[in-house]
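I have placed the structure first, in the form of structure tokens, so that the comments after it can refer back to it.
In what follows, every heavy atom counts, from backbone to side chain, and hydrogens, waters and symmetry copies are set aside. Because the structure is a prediction, the values reported are computed rather than measured. All ligand and atom numbering here is 1-based and tracks the order in the structure.
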Amino acid sequence: MKITLIQGDITKMEVDAIVNAANTSLLGGGGVDGAIHRAGGPAILEECRRIRDRQGRCAPGEAVITTAGKLPAKYVIHTVGPVWNKGNEEEKGLLRSAYISSLQLAVKNGVGTIAFPNISTGVYRFPKEVAAEIAIAAVKDFMAQDNRISNLIFVCYEKENYDLYSRILQS
Ligand code: AR6
């Protein structure tokens, strides 16, 4: 069981599952969501549409799973992080839930290797350092209780996040 940190593009990851920082519509957007749908092709959006038709929107803190289209990963786990609003709306708990829900769905689907982006730290403006602390604590807590994830990779797109994770993971 290990946690790895890299700086790069999550769409390139050859893992069982990559996690997408989606929105409640599940129908795509910008940032990492846009990059995943662009690189993965229309099959992912098609599956997201079917999930939407079946269960409606995906609430913040929850997650759904699709296959990964043309991506090298097997699955995409779409989770919705909270929009930061000065910490007044349970954003911290919802961010933790986004990580935990993704991991629960991962193990349910036999995923052993998984890559996470820095959920909510882009368009959703969650303060990066707080988000990194929450993300690292959540995955460590999960992995301490469930040994089915053998390798968890934090994929930071920006150097600022990479440096933050690097410091927190070392301490
Ligand atoms: N690989 C890894 N990380 C990436 C990539 C990539 N290819 N591209 C961007 N990031 P954001 P959010 C990083 O805005 O804040 C979308 O429109 C980025 O640098 O993608 O959760 C959705 O549809 C940042 O650190 O997601 C939602 O509407 C992190 O991914 C909304 O944005 C998250 O930034 C979700 O906002």
Side-chain angles (χ1 to χ4, degrees), residues 3-42 44-49 51-52 56-66 68-73 75-87 89-103 105-106 113-136 138-139 151-169:
I3 295 177
T4 315
L5 174 65
I6 66 162
Q7 189 179 356
D9 177 355
I10 202 164
T11 65
K12 306 274 195 279
M13 299 299 297
E14 295 180 24
V15 285
D16 293 337
I18 63 169
V19 176
N20 181 18
N23 59 62
T24 62
S25 81
L26 295 175
L27 298 182
V32 68
D33 195 5
I36 287 171
H37 282 286
R38 260 195 314 278
I44 301 175
L45 189 59
E46 201 38 57
E47 280 184 65
C48 285
R49 278 218 175 82
I51 293 169
R52 260 293 297 262
R57 285 177 176 264
C58 183
E62 293 182 1
V64 302
I65 189 166
T66 66
K70 293 185 287 185
L71 298 176
Y75 298 105
V76 178
I77 293 174
H78 308 260
T79 190
V80 181
V83 178
W84 180 257
N85 185 19
K86 301 178 193 153
E89 293 173 352
E90 295 173 24
E91 297 97 314
K92 291 181 185 176
L94 287 171
L95 185 61
R96 180 180 169 90
S97 294
Y99 282 91
I100 300 289
S101 305
S102 299
L103 287 165
L105 198 51
T113 57
I114 185 166
F116 277 94
N118 308 130
I119 301 164
S120 284
T121 68
V123 175
Y124 284 178
R125 304 180 319 271
F126 206 106
K128 292 190 169 84
E129 182 158 9
V130 188
E133 277 163 2
I134 291 169
I136 290 166
V139 308
N151 190 10
L152 185 147
I153 305 158
F154 284 116
V155 181
C156 300
Y157 198 62
E158 306 152 31
K159 187 172 187 308
E160 187 186 353
N161 271 326
Y162 178 85
D163 289 344
L164 277 170
Y165 273 73
S166 177
R167 179 164 57 71
I168 298 167
L169 283 167

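- Where the criterion is an N or O separation shorter than 3.5 Å, residue side chain and backbone included, G122 meets it with respect to ligand 1.
- Applying the 4.0 Å criterion to heavy atoms of N161 picks out, from ligand 1, the atoms 25 (O).
- Atoms of ligand 1 lying under 4.0 Å from at least one heavy atom of D9, given by number and element, are 1 (N), 6 (C), 7 (N).
- Within 6.0 Å of CD in E14 there are 12 or fewer heavy atoms belonging to other residues, nucleotides or ligands.
- Distances between N or O atoms of I119 and those of ligand 1 include no value under 3.5 Å.
- In terms of polar-atom proximity, defined here as any N/O pair under 3.5 Å, A22 makes no such contact with ligand 1.
- Near A35, the atoms of ligand 1 lying under 4.0 angstrom from a non-hydrogen atom of the residue are 7 (N).
- Judged purely by atom type and a 3.5 angstrom limit, T113 uses its side chain to pair as donor or acceptor with the backbone of D16.
- Applying the 4.0 Å criterion to heavy atoms of G29 picks out, from ligand 1, the atoms 17 (O), 23 (O).
- Nearest protein heavy-atom contact of atom 3 (N) of ligand 1 is Y157 CB, 3.4 Å.
- Here the heavy atom of the protein found nearest to atom 36 (O) of ligand 1 is Y124 CG, 3.4 Å.
- Residue N23 has at least one N or O atom closer than 3.5 Å to an N or O atom of ligand 1.
- Judged purely by atom type and a 3.5 angstrom limit, N151 has no side-chain atom pairing as donor or acceptor with the backbone of I114.
- For ligand 1, the atoms closer than 4.0 angstrom to any heavy atom of A21 are 21 (O), 22 (C), 26 (O), 35 (C).
- Within the 3.5 Å criterion, the main-chain N or O of K128 finds no donor-acceptor partner in the side chain of T121.
- At least one N or O atom of S120, backbone or side chain, sits closer than 3.5 Å to an N or O atom of ligand 1.
- Short contacts between ligand 1 and D33, defined as distances under 4.0 Å to a heavy atom of the residue, involve ligand atoms 22 (C), 23 (O).
- The closest protein non-hydrogen atom to atom 19 (O) of ligand 1 is E158 OE2, 2.5 Å.
- Each of the atoms 16 (C), 17 (O) of ligand 1 lies under 4.0 Å from some heavy atom of G30.
- For ligand 1, the polar-atom distance check against G31 finds no nitrogen or oxygen pair separated by under 3.5 Å.
- Looking only at distances, no side-chain donor or acceptor of R96 sits under 3.5 Å from a matching main-chain atom of I134.
- Checked against a 3.5 angstrom limit, the closest N/O atoms of V32 and ligand 1 fall inside it.
- T24 contributes no side-chain N or O that, together with a main-chain N or O of A59, makes up a donor-acceptor pair within less than 3.5 Å.
- Residue R125 has no nitrogen or oxygen atom sitting less than 3.5 Å from a nitrogen or oxygen atom of ligand 1, judged on distance alone.
- What sits closest to atom 29 (C) of ligand 1 on the protein, heavy atoms only, is N118 O, 3.3 Å.
- Under the 3.5 Å distance criterion, the side-chain polar atoms of S120 are matched with a main-chain donor or acceptor of P82.
- Shown here is E89, whose CD atom has more than 12 heavy atoms of other residues, nucleotides or ligands within 6.0 Å.
- A heavy-atom separation below 4.0 Å is found between T121 and ligand 1.
- At least one donor-acceptor pair closer than 3.5 Å links the side chain of E91 to the backbone N or O of N85.
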